[in-house]
Amino acid sequence: MNKVYGSAKAALDGLLFDGMLIAAGGFGLCGIPELLIDALVASQVKDITVASNNCGVDGFGLGKLLDTRQIKKMLSSYVGENAEFMRQYLSGELELEFNPQGTLAERMRAGGCGIPGFYTKTGVGTVIAEGKDVRNWNGQDYILEEGIFADLSIVKAWKADTTGNAIFRKTARNFNPPAAMCGKVCVMEVEEIVEPGTLDPDHIHLPGIYVHRLIQGEHEKRIEQRTVRKREEA
């Protein structure tokens, strides 16, 4: 089966519908599926729920989908770099379900493994626990968190072979693999596509069985917070 598509638009063809749940990989602006996000903006799909560590920044990454009002709800752990996100949430235009960062990653991984739910101590005694089942083991309370089963996963890898076996670079490895696993269909964009057998099996982070469609493209790779050290006095 050919998994390689010529463009992000072609790779998303037939997969989008209003009200869908999308799991998006990336950490801040590192390892985000920029090309697929642009294709989502162009598609005008609406009322979507997005599960992602954050929502990009104003005017870039998932922030573009906020600008076009295509996102109805976010499942996120961090929203601090996006003024439009804050404005829409505080005005009641955007729903938000906060997740501790590790919980969000595990909810994605659990969905990818077919696990409907798990218990964790994270969030016990806070607003995170409101309305959730609480169980006690060995004198400690745990809350039930549900696995995420997305209609679509969009992720970004550094390199992949034509069957979808993928390698992620550094921080981009944090959320991309679990996001890829939890979607009914996973579309992945990469910087380089190679032939099967080129990648060392011991270096593969995501098996191709999770990847259904694949594109290659150029990426902007913005820096979220550009800082430098002050020049030392001579």
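Along the sequence shown, residues carry numbers from 1. Please read these numbers as outputs of a predicted model, since none were measured by experiment.
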*asked:* Apply side chain to side chain contact (heavy atoms under 4.5 Å, CB included) to residues H219 and K156 and explain how you reach the verdict.
replied: CA-CA 10 Å; H219 299 86; K156 157 87 166 39; 3.5 Å; yes
*Given side chain to side chain contact (heavy atoms under 4.5 Å, CB included), test V134 with V124 step by step and report yes or no.*
CA-CA 8 Å; V134 180; V124 171; 5.8 Å; no
*Step by step, work out the salt bridge (charged side-chain N to carboxylate O under 4.0 Å, His left out) result for E191 and R169.*
CA-CA 11 Å; E191 298 177 37; R169 294 199 71 218; over 6 Å; no
*Would you sort out whether I22 and L40 count as a side chain to side chain contact (heavy atoms under 4.5 Å, CB included), showing the intermediate values?*
CA-CA 11 Å; I22 298 175; L40 285 174; 4.0 Å; yes
*Go through the steps to decide whether E106 and T120 satisfy the test side chain to side chain contact (heavy atoms under 4.5 Å, CB included), and finish with yes or no.*
CA-CA 10 Å; E106 180 61 11; T120 176; over 6 Å; no
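Between R173 and F27, the closest side-chain pair of non-hydrogen atoms is not below 4.5 Å. L152 is not listed as a side-chain neighbour of K184, based on a closest heavy-atom distance of 4.5 Å or more. When side chains are defined from C-beta on, Y89 does not count as touching V79, because their heavy atoms never get closer than 4.5 Å. At a threshold of 4.5 Å between non-hydrogen side-chain atoms, the residues I148 and L21 count as touching. Put simply, the side chain of V190 does not reach to within 4.5 Å of the side chain of I215, judged on heavy atoms. The side-chain heavy atoms of F168 and P177, taken from C-beta on, include a pair separated by under 4.5 Å. Within the 4.5 Å cutoff, no side-chain heavy atoms of V50 are placed close to those of C55. K121 has its side chain within reach of Q140: a pair of non-hydrogen atoms, C-beta onward, lies under 4.5 Å apart.
In plain terms, the two heavy atoms of A129 and G123 that are nearest each other are CB-O, 3.5 Å. Between I32 and G61, the shortest heavy-atom distance links the atoms CD1-CA, 3.7 Å. Counting all heavy atoms, side chain and backbone alike, G25 lies closest to P33 at O-CD, 3.4 Å. Of all heavy-atom pairs spanning E145 and R107, the tightest one is OE1-CD, 4.0 Å. The shortest heavy-atom contact between M108 and A51 is CE-O, 3.4 Å. Between N54 and Y78, the shortest heavy-atom contact is CB-O, 3.0 Å.
N176 places a side-chain N or O within 3.5 Å of a backbone atom of G31 that can act as its donor or acceptor partner. Although no hydrogens or angles enter the test, the distance criterion places no donor-acceptor pair under 3.5 Å between the side chain of T68 and the main chain of V41. Under a 3.5 Å cut-off, the side chain of N165 and the backbone N or O of D161 do not form any donor-acceptor pair. Under the 3.5 Å distance criterion, the side-chain polar atoms of S153 are left unmatched by any main-chain donor or acceptor of C186. The closest donor-acceptor contact from the side chain of K3 to the backbone of V211 lies under 3.5 Å. For Q70 (side chain) and L65 (main-chain N/O), no donor-acceptor pair under 3.5 Å exists by modelled atom type. Between the side chain of H205 and the backbone N or O of I167 there is no donor-acceptor pair closer than 3.5 Å.
Between E84 and R69, at least one side-chain N (NZ, or NE/NH1/NH2) sits under 4.0 Å from a carboxylate O, which counts as a salt bridge. Residues K159 and E192 are paired through a salt bridge, judged by an N-O separation under 4.0 Å between the basic side chain and the carboxylate.
L104 and L144 fall into different hydrophobic clusters, defined by Ile, Leu, Val, Met, Phe, Trp and Tyr side-chain heavy atoms under 4.5 Å apart, directly or through other members. F60 and L36 fall into different hydrophobic clusters, where Ile, Leu, Val, Met, Phe, Trp and Tyr side chains are chained together by heavy-atom contacts under 4.5 Å. F149 and I209 are not part of a single hydrophobic cluster, where members link through side-chain heavy atoms under 4.5 Å apart. L75 and I71 fall into different hydrophobic clusters, where Ile, Leu, Val, Met, Phe, Trp and Tyr are joined by side-chain heavy atoms under 4.5 Å apart, directly or via other members. Hydrophobic clustering (ILVMFWY, side-chain heavy atoms < 4.5 Å, transitive): L66 and M20 are in one cluster.
The line from CZ of F17 to NZ of K46 is 14.0 Å long, rounded to the nearest 0.5 Å. The distance from the CD atom of Q88 to the CG atom of L96 is 11.5 Å, given to the nearest 0.5 Å. For the atom pair T163 OG1 and I204 CD1, the distance stands at 7.5 Å (nearest 0.5 Å). With values rounded to the nearest 0.5 angstrom, S43 atom OG is found 5.0 Å from L16 atom CG. I154 contributes atom CD1, which lies 5.0 Å from atom CD1 of I37 (distance to the nearest 0.5 angstrom). With rounding to the nearest 0.5 Å, the separation of CE in M74 from CG in N82 is 9.0 Å.
For D141, the side chain to side chain donor-acceptor pair (under 3.5 Å) partners two or more places apart in sequence, or in a different chain, are N136. With sequence neighbours excluded, the residues forming a side-chain contact (heavy atoms from CB on, under 4.5 Å) with A10 are Y5, S7, listed by chain and number.
Other residues, nucleotides and ligands place no more than 12 heavy atoms under 6.0 Å from the CD atom of E146.
Judged by distance alone, the side chains of N99 and S77 never bring a donor and an acceptor atom under 3.5 Å apart.
With E97 as the partner, the salt bridge (Lys or Arg N to Asp or Glu O under 4.0 Å) test is satisfied by one option alone out of K73, K132, K72: K73.
Between W137 and Y119, the ring planes are perpendicular. Angles over 60° get that label, and only those under 30° would be called parallel.
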